[in-house]
Amino acid sequence: MHLKFPSEIDAHLSFAALDAVPVTLRAGTLHVNGQLDMADDYARFPFLAQDVIPPAPGVMVQLEYVFEDRLWRFTTIIASVDDHRRWQLRRPRRIEQAARVYLQAA
């Protein structure tokens, strides 16, 4: 399954941001934990990162996270860096559901 319509993608990212879902961002050998934030405008959304030196704008990144018992991932581009902890990402054209996640009861 995948999301490809802008309205689906915006709704999905908004709900993931509201739920403060942990997200892993990868850019080459850089792996950063963070979370999504509510979109500032239609074509971009913020990634709240750990305190690390961010990649430059224009760099392609992959994000992966578990939301509603499913593993999701997408590729996008860093549009701008507001500061070292808040990075603006372009809205992806597609978000793929990679797998179902089964959590075992303790």
Side-chain angles (χ1 to χ4, degrees):
M1 179 180 151
H2 62 271
L3 307 174
K4 63 180 179 178
F5 296 108
S7 59
E8 291 177 320
I9 291 170
D10 288 344
H12 174 85
L13 294 175
S14 293
F15 285 120
L18 286 171
D19 283 359
V21 172
V23 176
T24 300
L25 178 144
R26 292 181 178 91
T29 60
L30 178 68
H31 292 229
V32 180
N33 294 320
Q35 67 185 55
L36 303 175
D37 198 7
M38 294 301 293
D40 294 333
D41 67 38
Y42 181 70
R44 297 179 180 189
F45 65 96
F47 174 76
L48 304 177
Q50 297 172 331
D51 192 8
V52 299
I53 297 172
V59 170
M60 186 170 289
V61 295
Q62 182 179 54
L63 284 81
E64 188 171 274
Y65 51 97
V66 175
F67 179 57
E68 296 181 340
D69 297 330
R70 292 175 174 86
L71 177 64
W72 298 89
R73 74 172 52 112
F74 63 88
T75 301
T76 189
I77 293 174
I78 295 180
S80 65
V81 176
D82 297 339
D83 63 45
H84 63 280
R85 291 187 178 195
R86 185 177 170 92
W87 311 349
Q88 293 290 331
L89 307 178
R90 288 189 191 160
R91 182 191 336 103
R93 294 183 181 176
R94 172 186 185 121
I95 299 177
E96 295 183 11
Q97 178 185 327
R100 285 192 75 87
V101 177
Y102 298 97
L103 303 175
Q104 296 182 359

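FYI, side chains are in, hydrogens and waters are out, and symmetry mates aren't considered; it's all heavy atoms of this structure.
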Evaluate the side-chain proximity of Ile78 to Val61: yes if any heavy-atom separation is below 4.5 Å, no if none is. yes

Residue pairs, two or more places apart or on separate chains, that pass ring pair (Phe, Tyr, Trp, His ring centres under 6.0 Å) and touch residues 7-26: His12-Tyr65, His12-Phe67, His12-Trp72

Just jot down the side-chain contact (heavy atoms from CB on, under 4.5 Å) partners of Pro6, sequence neighbours excluded, or say none. Tyr42, Arg91

Mind checking side chain to side chain donor-acceptor pair (under 3.5 Å) for Arg90 and listing every partner two or more places apart, or none if nothing turns up? none

Interatomic spacing from CG in Leu13 to CG in Asp37 - rounded to 0.5 Å: 11.5 Å

ILVMFWY cluster, Leu36 and Val59 together (side-chain gap under 4.5 Å): yes

When rounded to the nearest 0.5 angstrom, what distance separates CD1 in Ile77 from CD in Gln88? 14.5 Å

Looking at residues at least two apart in the chain, or sitting in another chain, which of them share a salt bridge (Lys or Arg N to Asp or Glu O under 4.0 Å) with Arg94? Glu96

Heavy atoms only: give me the nearest Ser80-Pro57 pair and the separation to one decimal. CA-CG, 4.1 Å

Can you get from Met1 to Ile9 by hopping between Ile, Leu, Val, Met, Phe, Trp and Tyr side chains that sit under 4.5 Å apart? yes

Those residues that, when tested against Ala98, pass side-chain contact (heavy atoms from CB on, under 4.5 Å) (two or more places apart): Leu71, Arg73

Applying salt bridge (Lys or Arg N to Asp or Glu O under 4.0 Å), which residue pairs with at least one partner in residues 16-29 are found, sequence neighbours left out? Arg26-Glu64

Do Gln35 and Pro22 touch side chain to side chain, with heavy atoms closer than 4.5 Å? no

May I ask whether Leu30 and Val81 are part of the same hydrophobic cluster, defined by side-chain heavy atoms of I, L, V, M, F, W, Y residues being less than 4.5 angstrom apart, directly or through others? yes

Do you know which two heavy atoms are closest between Ala39 and Pro46, and how far apart they sit? CA-CD, 3.8 Å

Applied to residues 42-51, the salt bridge (Lys or Arg N to Asp or Glu O under 4.0 Å) test, sequence neighbours excluded, yields Asp51-Arg85

Taking the side chain as every heavy atom from C-beta outward, state whether Ile95 and His2 have any atom pair closer than 4.5 Å. no

When clusters are formed by joining ILVMFWY residues with side-chain heavy atoms under 4.5 Å apart, either directly or through shared neighbours, do Leu89 and Val21 land in the same one? yes

Non-neighbouring partners of Ala49 that pass side-chain contact (heavy atoms from CB on, under 4.5 Å), sequence neighbours left out: Val32, Phe47, Trp87

With sequence neighbours excluded, tell me which residues meet side chain to side chain donor-acceptor pair (under 3.5 Å) with Thr24. Asn33

State plainly whether one hydrophobic cluster holds both Leu63 and Val52, where clusters connect Ile, Leu, Val, Met, Phe, Trp and Tyr through side-chain heavy atoms under 4.5 angstrom apart. yes

